[in-house]
Amino acid sequence: MKHVTKFQNKVYEIVKKIPRGKVMSYKEVAEKIGKPRAYRAVGNALNKSASWRTDIPCHRVVRSDGSPGGYRKGIKKKVKLLKNEKVF
DNA sequence: AATGAGGCCCTAA
DNA sequence: ATTAGGGCCTCAT
């Protein structure tokens, strides 16, 4: 556990609250935090956190147009996880 | 409808 | 303190 800012902490809280079978866009998360213009920072936070944050379903966070976006562990893995969860 | 360019926010070096 | 980068978004062509 490294030093995390309040912003990242907020991101984690929101992303963690994402129920299974549902996905949220970076912008949506940013809006929940209170900074709808910080969608880039959200992705960045998840990106670095995904390395040691396994309790956060960052793969459930996709782009506004439905595109998977990106994934630190591999975009393929993200798509696979999404298909596995969205199947319900 | 698809592609190109610009802009905002955060973190690390 | 400043610069560059990033899992983006939106507007214009």
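Given the structure is predicted, the values throughout are model-derived calculations rather than measurements.
- Hydrophobic clustering (side-chain heavy atoms under 4.5 Å, transitive across Ile, Leu, Val, Met, Phe, Trp, Tyr) groups A/Ile56 together with A/Trp52.
- The shortest non-hydrogen separation linking A/Gly70 to A/Ile75 is CA-CD1, 4.0 Å.
- One finds a side-chain N or O of A/Thr5 lying less than 4.0 angstrom from the OP1 or OP2 phosphate oxygen of B/dT11.
- For A/Lys78, the side-chain atoms get nearest to C/dG7 when compared with the rest of C/dG7, B/dC9, B/dT11.
- Taking the side chain of A/Lys48 as heavy atoms from C-beta on, and the options B/dA12, C/dC8, C/dG7, the nearest nucleotide is B/dA12.
- Taking atom CG of residue A/Leu82 and atom P of nucleotide C/dG7, one finds them 17 Å apart after rounding to whole Å.
- Regarding A/His3, its NE2 atom lies at a distance of 9 Å from the P atom of B/dT11, rounded to whole Å.
- Look at CG on A/Asp65: it is 14 Å from P on C/dC11, rounded to the nearest Å.
- Note on A/Val42: nothing from the nucleic acid sits closer than 4.0 angstrom, heavy atoms only.
- Between A/Asn47 atom CG and B/dC9 atom P the separation is 20 Å, expressed in whole Å.
- DNA chain B is contacted by both A/Tyr39 and A/Asn44; A/Tyr39 maps to the nucleotide lying nearer its 5′ end (nearest heavy atom per residue).
- If A/Lys6 and A/Arg40 are placed on DNA chain B by their nearest nucleotide, the residue sitting closer to the 5' end is A/Arg40.
- In this structure, CD of A/Gln8 is placed 13 Å from C1' of C/dG6, rounded to the nearest angstrom.
- Nearest to the side chain of A/Ala38, among B/dG7, B/dC10, C/dG7, sits B/dC10.
- Base pairing annotation: C/dG7 forms no Watson-Crick or G-U wobble pair, as no partner gives both donor-acceptor distances under 3.5 Å.
- The hydrophobic clustering, which links ILVMFWY residues whose side-chain heavy atoms are closer than 4.5 Å, places A/Ile33 and A/Tyr12 together.
- Salt-bridge check for A/Glu13 with A/Lys16: passed, with a basic side-chain N closer than 4.0 Å to an acidic carboxylate O.
- Side chain A/Tyr71 to base C/dG7: no donor-acceptor pair is found below 3.5 Å.
- The NZ-P distance, from A/Lys10 to B/dC10, rounds to 14 Å in whole Å.
- The side-chain hydrogen bond (donor to acceptor under 3.5 Å, both in side chains) test with A/His59 singles out one residue from A/Lys78, A/Lys73, A/Lys77, A/Glu85, and that residue is A/Glu85.
- As judged by a 4.0 angstrom heavy-atom cut-off over every strand, A/Ala50 is placed among the base-contacting residues.
- Nucleotide B/dC8 forms no Watson-Crick or G-U wobble pair with any nucleotide shown, as no partner meets the under 3.5 Å limit on both distances.
- Spacing between atom CD of A/Glu28 and atom P of C/dC8 amounts to 16 Å, rounded to whole angstrom units.
- Donor-acceptor pairing under 3.5 Å, judged by distance alone, is absent between the side chain of A/Arg72 and the base of C/dG7.
- For A/Arg37 against B/dC8, no side-chain N or O and base N or O form a donor-acceptor pair under 3.5 Å.
- Using a 4.5 Å heavy-atom threshold, the side chains of A/Ser67 and A/Val62 count as separate.
- Among the atoms of the strands shown, only primed sugar atoms or phosphate atoms (P, OP1, OP2) are found under 4.0 Å from some heavy atom of A/Arg63.
- Atom P of nucleotide B/dC10 and atom CD1 of A/Ile14 are separated by 15 Å, given to the nearest angstrom.
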